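Please read the structure below before turning to the comments.
Everything quoted here is computed from the prediction, not taken from an experiment.
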Amino acid sequence: MGGFAPARRAGAALLSLEDRLFQQRYDKINEIENLGFEAYPRKYSYTHTPTQVREAFEKKEAEELDTEKPRVRVCGRLMTKRRQGKAGFCHIQKDGEQTQLYVRHDAVGERDFDLYKVLDAGDFIGCEGYVFRTKTGELTVHAENLEFLAKAISPLPEKYHGLQDIETRYRQRYVDLFANEDARDVFVKRNRMIKALRGALDSRGYIEVETPMMQQIHGGALARPFSTHHNALDMDLFLRIAPELYLKRLVVGGLDKVYEINRNFRNEGLSMRHNPEFTMLEFYQAYSDYRDLMDFSEELLRTAAEAVLDGATKARFREQDVDFAKLARFTLREAICELWPHPGDKPTLEDLKDLERVKQFVAVHNQNADKKINLRDGVTLGTALQLLFEETCETRLVQPTLIYEYPVEASPLSKQKPDDPDWVERFEIYAAGMELANAYSELNDPQEQRKRFELQVAMQAHDAEAHQMDEDYLRALSYGMPPTAGEGFGIDRLTMILTDSPTIRDVILFPLLRPEGEIGMAERLRAAETSTGGET
RNA sequence: GGGGCGGUAGCUCAGUCGGUAGAGCAUCGGCCUUUUAAGCCGCUGGUCGUGGGUUCGAGUCCCACCCGCCUCACCA
């Protein structure tokens, strides 16, 4: 089970042996207050964060600091504590960086040194003093007074190994974030990436918008939704699986360049690449087609990579280099031919025009691969090709690659190729074997859109993910939507690659987990309160 | 949902053939005024995920369940 063990029997009047650590720490609140400190005071005015201490003084020699004795006020969470009699060293951590304090009895006085003695790892303190270098050269604050800022009652993970238990890291991300530097770093980088993407879109005149999370008709993608209910209106609602149809309504309304960075919700399985709620960047650009978005996508990916990788484009993900400097480009059919993994004749573009030939290649694949392709009766050429592509190519697209031209059957919102109506003007971007983005020339002919919806509705009988009819969307298109191209980017997956995080749970602060059962913290606190002041 | 692996002290982990529970760190007590995985001495700390079963005896073997990880299926 992992994690911090729950409190034992409810109503246990005696000090449970197992809760001793917790109780000991709790009892220190009294000791701290008896020294004249508040256990949970209001604020602390600091002059330097640990980072600022480093930046301000790292170039100064020990002698220089000894002369200047620069004064600072620092604060943070106590992470380590070493004491030798009437002095000691400790590290406090703030904003992911640490500063060492040197606390001497003769410098801080009786009361503050008594405080130092009872401090536990995890407590928050403030410290005023001057900066010097120890004999090993570490920048350190020579304390002249201490303030107590907040008590940590629960014990911290071991300082050397940190918090290793994966389950606890996800369930108690608040511990993971301060105990494991890498965990914090992922989310800082994720934010840098999102800011860079926003900047790239904003500077091109895009408007950021927020469209409904709760929708009466779940559209814009093929996926199973979460459903909920609004009481006052007695109305069933779905959490959105995509913002697409609302963003395109905005293009109808004249917001020619719009984007949204927000959550989508899909009621499907969890995996290293899937979390039920995930973050998409979705953007639309009027008077453009999918080809215009190809170059822009390349730029956006490079921008994101550089933001995370300090100007570099080559990420290291699961022992492989993934270089976002450029995007290789293939049509879906070219990819099948070029990347054909099995022995024997490779398919040619000519072969892929014939369903029977394609079925033969599917059979070859099924002979050579563990994972078989199951073609339904009456399968269309396009669907067969898409399945063949997904099975033979997808995981092998490690370097960022743009795959374009998709079969019309699986693309109910995309515009057809003018010379080949079985195929649509659509591309997807793959990297590290994962789909990262999906883009197309938006279907803006309401008559054709109506037919596509009707095809989807007909599929609903055997396909829970089929698209619903959306009357209002058709009405919007009937007012005219300019030629438009749109794209969705999977933010979590891109973050995975750029931060070398093998699972999506490592880039989502609070990934979905099963309920963990009774935690018992209220009971534990209740017990701690009633046994305080008793015999110890 | 199927398959594989795992859950032992607050944390990180050992635990042999089934023989009655171990280490390091942390905590607690003592010594220590430049340490940094501080050090030295001493003491604590466990319904071995939960519930059954087999056995003279179960952390260990069997069954069921819970939680997690990996994997398969659907998906971005």
Side-chain angles (χ1 to χ4, degrees), chain A residues 1-6 8-9 16-25 27-28 62 79-91 98 100-108 113 120-122 132-138 140 142 153-171 175 179 221-224 241-242 264-282 370-372 374 390 394 410 428-430 434-438 463-465 488-494 496 502-505 513-518 536:
Chain A
M1 184 160 63
F4 298 172
R8 291 303 163 201
R9 305 174 303 282
S16 149
L17 288 174
E18 190 160 341
D19 288 337
R20 202 188 62 176
L21 266 178
F22 190 83
Q23 186 69 50
Q24 280 169 348
R25 285 173 162 257
D27 288 343
K28 284 183 177 175
M79 298 303 287
T80 64
K81 187 180 152 193
R82 300 171 291 282
R83 191 163 83 85
Q84 312 108 48
K86 294 198 178 310
F89 287 92
C90 62
H91 279 98
Q98 298 191 353
Q100 181 168 253
L101 310 182
Y102 180 45
V103 183
R104 290 170 56 139
H105 178 269
D106 57 13
V108 299
F113 198 74
D120 287 313
F132 76 111
R133 282 188 189 276
T134 64
K135 68 181 186 187
T136 58
E138 179 169 348
T140 301
H142 197 292
I153 310 171
S154 284
L156 264 54
E158 191 217 19
K159 62 190 168 192
Y160 185 59
H161 296 91
L163 178 62
Q164 296 296 316
D165 185 85
I166 292 167
E167 184 176 353
T168 310
R169 292 185 56 189
Y170 297 149
R171 289 199 192 280
V175 178
L222 306 178
R224 292 171 64 182
I241 56 175
N264 290 344
F265 306 87
R266 300 193 183 174
N267 205 340
E268 283 160 359
L270 291 77
S271 82
M272 289 172 83
R273 285 165 224 80
H274 300 87
N275 193 65
E277 50 180 312
F278 64 101
T279 302
M280 285 268 281
L281 159 63
E282 203 159 313
D370 297 336
K371 207 171 144 185
K372 315 294 183 200
N374 242 328
E390 285 166 6
E394 190 166 330
E428 296 192 335
I429 297 171
Y430 292 85
M434 296 188 286
E435 185 183 341
L436 283 188
N438 180 20
D463 187 351
E465 296 179 359
F489 254 101
I491 294 293
D492 311 281
R493 289 182 176 178
L494 190 52
M496 285 170 63
T503 105
I504 198 168
R505 285 180 287 266
L513 299 172
R514 283 194 172 82
E516 74 174 302
E518 194 179 339
T536 38

- Task: Answer with base, sugar-phosphate or nothing: what part of the nucleic acid does A/Gly162 contact at a heavy-atom distance below 4.0 Å?
- Result: sugar-phosphate
- Message: Tell me the closest heavy-atom pair linking A/Asp120 and A/Lys28, and the distance in Å.
- Response: OD1-NZ, 2.7 Å
- Message: Check this one for me: any side-chain N or O of A/Lys135 less than 4.0 Å away from OP1 or OP2 of B/U35?
- Response: yes
- Message: Any base atoms under 4.0 Å from A/His105, or only sugar-phosphate, or nothing? Heavy atoms, all strands.
- Response: nothing
- Pair of N/O donor and acceptor under 3.5 Å linking B/U12 base with A/Asp165 side chain: no
- For A/Glu390 and B/C74, what is the distance between atoms CD and P respectively, to the nearest whole Å? 9 Å
- For the pair made of CD in A/Gln84 and P in B/C40, what is the distance, rounded to whole Å? 14 Å
- Item | Pairing partner (Watson-Crick or G-U wobble, both distances under 3.5 angstrom) of B/C25 | B/G10
- What's the NZ-P distance between A/Lys81 and B/C28, to the nearest Å? 7 Å
- Measure from the side-chain heavy atoms of A/Leu21 and tell me the nearest of B/U12, B/U27, B/U33. B/U27
- Do you know the tightest heavy-atom contact between A/Pro155 and A/Leu21? CG-CD1, 4.2 Å
- Could you state the atom-to-atom distance from OH of A/Tyr170 to C1' of B/C67 in whole Å? 15 Å
- For nucleotides B/C28 and B/C13, find the distance between their C1' atoms and express it as a whole number of Å. 23 Å
- With heavy atoms under 4.0 Å as the rule, sort A/Arg25 into base, sugar-phosphate or nothing. nothing
- May I ask you to say what A/Ser271 touches in the nucleic acid, namely base, sugar-phosphate or nothing, with a heavy-atom cut-off under 4.0 Å? nothing
- On a whole-Å scale, what distance lies between the C1' atoms belonging to B/U20 and B/G15? 14 Å
- Note on the structure: Of all heavy-atom pairs linking A/Leu436 and A/Leu494, the shortest is CD2-N, 3.8 Å
- Message: Without decimals, in angstroms, what is the distance between A/Ile166 CD1 and B/G7 C1'?
- Response: 12 Å
- Task: Compare the minimum distances between each of B/C69, B/A37, B/U34 and the side chain of A/Leu513, then state the nucleotide with the smallest one.
- Result: B/C69
- Message: In whole Å, I'd like the distance from the CZ atom of A/Arg169 to the C1' atom of B/C67.
- Response: 18 Å
- Query: Quick one: A/Met79 CE to B/C25 P, roughly how many Å, whole number?
  - Reply: 19 Å
- Message: Of the options B/U34, B/U27, B/C74, whose atoms approach the side-chain atoms of A/Phe132 most closely?
- Response: B/U34
- Item | First of A/Tyr160 and A/Arg514 reached from the 5' end of RNA chain B, by closest nucleotide | A/Tyr160
- Phosphate-side-chain proximity, A/Arg171 and B/G68, N/O vs OP1/OP2 below 4.0 Å: yes
- Taking everything shown except A/Arg133 itself, do over 12 heavy atoms lie less than 6.0 Å from its CZ? yes
- Query: What's the CD-P distance between A/Glu394 and B/C74, to the nearest Å?
  - Reply: 11 Å
- Hey, does A/Glu138 reach any base, or is it just sugar-phosphate, or nothing, if we go heavy atoms under 4.0 Å? base
- Determine the interatomic distance between C1' on B/G30 and the same-named atom on B/G68; round to the nearest Å. 42 Å
- Item | Heavy-atom donor-acceptor pair, A/Arg20 side-chain to B/U27 base, under 3.5 Å | yes
- Item | Pair assignment for B/G1, Watson-Crick or G-U wobble, requiring both distances under 3.5 Å | B/C72
- Contacts of A/Glu277 that satisfy side-chain hydrogen bond (donor to acceptor under 3.5 Å, both in side chains) - sequence neighbours left out: A/Arg263
- Query: Does OP1 or OP2 of B/C25 have a side-chain N or O of A/Arg82 closer than 4.0 Å?
  - Reply: no
- The residue, A/Thr140 or A/His161, whose nearest nucleotide of RNA chain B is more 5′ is A/His161
- Item | B/U33: pairing nucleotide in any strand, Watson-Crick or G-U under 3.5 angstrom | none
- Note on the structure: Closest non-hydrogen atoms of A/Ala87 and A/Phe113, given as atom of the first, atom of the second and distance, are N-CZ, 3.4 Å
- Item | Separation between the P atoms of B/G52 and B/G57, rounded to whole Å | 16 Å
- Task: Please work out if A/Asn374 contacts a base, only the sugar-phosphate, or nothing of the nucleic acid, heavy-atom cut-off 4.0 Å.
- Result: nothing
- Among B/U34, B/C70, B/C28, which nucleotide sits nearest the side chain of A/Asp120? B/C28
- Message: Rounding to an integer number of angstrom, what distance separates B/G18 and B/C11 when you compare their P atoms?
- Response: 30 Å
- Item | Exercise: identify the closest heavy-atom pair between A/Glu282 and A/Met280 | OE1-CE, 3.5 Å
- P atom, B/U60 versus B/U50: distance in rounded Å? 11 Å
- Item | P spacing across the pair B/G45 / B/C5, given as an integer number of angstrom | 36 Å
- Side-chain donor/acceptor of A/Gln100 to base of B/U35, under 3.5 Å: yes
- Taking the C1' atom of each, how far is B/C65 from B/A26, in whole Å? 34 Å
- Query: Which listed nucleotide (B/G68, B/U35, B/C11) is nearest to the side chain of A/Glu167?
  - Reply: B/G68
- Tell me which nucleotide among B/G68, B/C70, B/U34 gets nearest to the side chain of A/Met272. B/C70
- Consider the side chain of A/Thr134, meaning its heavy atoms from C-beta on, and name the nucleotide among B/G68, B/C28, B/U34 that approaches it most closely. B/U34
- Is A/Lys372 atom NZ crowded by more than 12 heavy atoms from other residues, nucleotides or ligands, each under 6.0 Å away? yes
- Query: So does A/Arg83 get a side-chain nitrogen or oxygen closer than 4.0 Å to the phosphate oxygens (OP1/OP2) of B/U33?
  - Reply: no
- Query: Would you say B/C28 has OP1 or OP2 under 4.0 Å from some side-chain N or O of A/Lys28?
  - Reply: yes
- Query: Which one is paired to B/G51, where only Watson-Crick or G-U wobble pairs with both distances under 3.5 angstrom count?
  - Reply: B/C63
- Query: Can you name the closest pair of heavy atoms from A/Ile241 and A/Arg224 and give their distance?
  - Reply: CG2-O, 4.1 Å
